[in-house]
2 protein chains.
Amino acid sequence: MPRDGEDARRRLQQAALELFRERGYDATTTAEIAARAGVTERTFFRHFPDKREVLFDGEERFRAALADGVAAAPGALEPMEALLWAFGAVGPILEANRLFTEPRQTVVADTPALQERVRTKTAGLIDALAEALRRRGVEGGPAALAAQVGMAAFGRAAGAWFADPSMCLEDHLRAAFEELRNLTSAVGRADPKRRRER
Amino acid sequence: MPRDGEDARRRLQQAALELFRERGYDATTTAEIAARAGVTERTFFRHFPDKREVLFDGEERFRAALADGVAAAPGALEPMEALLWAFGAVGPILEANRLFTEPRQTVVADTPALQERVRTKTAGLIDALAEALRRRGVEGGPAALAAQVGMAAFGRAAGAWFADPSMCLEDHLRAAFEELRNLTSAVGRADPKRRRER
DNA sequence: ACCTGTAATGTCAGTTACTGACTTAACAGC
DNA sequence: GCTGTTAAGTCAGTAACTGACATTACAGGT
């Protein structure tokens, strides 16, 4: 009976989040999730490719927003500046999803399998950023490195922003990127005797 | 019959690598691996916690070497300099394992599940580096960021070194870290109007 | 009304990774 | 020769996922 459509998907996500918080991710079976959502286990796997994915939704929209941000940045900006621009433009999306993403933070935090998935999602974002930089004329190698490094700074800024929302995301971003510059500026100065003992 | 001991483990790894290269990771079952190694499937899972882990061995040794390298770096070095030092000290290990790790590169390359595992392993290395930096007195936040960024540069250097072994690892490392400094030095100069339109 | 197509779901059987509980075979030292 | 330990075998079971097929609801045209 196809009257449900998109509704069943939302019920499944809701049921999954509830059960994960009640008894943990590993102790919850996909059959239980389906039962609470009022559908069959088979239906679960028609809406989500696997058990983990039920928690992650709308990530491709975020990825597109990041890529668009890099593309929309003024052409004169250096790679890292373009990334900073894109991260700033993505703030509203972060803010809008904040209450939505917060409950699953605790679930992800104590489930290694989900953390692994988060890393994969992040890797996808990094790839998209690198590709967007390449489209601006940045060479492949530096683009990939810049995307990785920029994402690390963004993660730090987003974390700090979650912990202290009194400062706006842009300021957190600027602080993180400044920290980054301070860290990297020191290298290659004294050039210590890089002997490999042992 | 416990006469095998460590030997069965090696046979399992060898059999797994062969089968993965013959017909791919996903199309290979743990039962097949065990059969080719001359043991039971149950024995496979006594030696490895899961199917993926049969390909990754000696990673904890590498992690310890990295942490030791950071600890052994001269105390006057800045965080990123200490990381560069540690990466340089780890070169011989990379070189020794080169022929050993090369065959599985192709398997990992076209198996998403294995790439996910590699990312998890890398995250473990980053954590170890951050912890080692903290032990040098670096604060938690900057330590984590420096470890992430340093590992990104190390990955780039190692990749370049695999592609072009004529240059020594240290030179590749220096090039990657220099690239990093160039990338980050540009940010925060003009401070463009970071308006979030759209 | 009737037919038809399509989209979401139900049903069921099967594969595979992985685990727990128990048994068995080899070897080690006393 | 007895005993303990260690690696392995055996067996039954769970749970994530998949393919093949049947079913139900609804939409539109005639």
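Pairs passing the ring-ring contact (aromatic ring centres under 6.0 Å, His included) check and including a residue from residues 4-36 of chain B, sequence neighbours excluded, read Phe20(B)-Tyr25(B). Residue pairs meeting the salt bridge (charged side-chain N to carboxylate O under 4.0 Å, His left out) criterion with at least one member in residues 136-162 of chain A, sequence neighbours excluded: Arg156(A)-Glu179(A).
Residues satisfying the ring pair (Phe, Tyr, Trp, His ring centres under 6.0 Å) criterion with Phe177(A), sequence neighbours excluded, are absent altogether. With sequence neighbours excluded, the residues that form a side-chain contact (heavy atoms from CB on, under 4.5 Å) with Thr43(B) are Val39(B), Thr40(B), Arg46(B), His47(B). Not a single ring pair (Phe, Tyr, Trp, His ring centres under 6.0 Å) links Phe56(B) to another residue, sequence neighbours left out.
In this entry the distance linking CG of Leu114(A) with P of dA16(D) reads 13 Å, nearest Å. For Arg9(A) and dA7(C), the CZ to P distance is 17 Å, given to the nearest whole Å. Rounded to whole Å, the distance from CZ on Arg46(A) to C1' on dT6(C) is 14 Å. Regarding Arg10(B), its CZ atom lies at a distance of 15 Å from the C1' atom of dA7(D), rounded to whole Å.
Listed pair His47(A) / dT9(C) meets the phosphate criterion, a side-chain N or O lying under 4.0 Å from OP1 or OP2.
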Q. Can you give one letter per nucleotide of nucleotides 13-18 of chain C, going 5' to 3': B for a protein heavy atom under 4.0 Å from the base, S for sugar-phosphate only, - for none?
A. ----SB

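In the displayed structure, Arg61(B) atom CZ is contacted under 6.0 Å by at most 12 heavy atoms of other residues, nucleotides or ligands.
The Thr40(B) side chain lies nearest to dG9(D) when the options are dG9(D), dT11(C), dA8(D).
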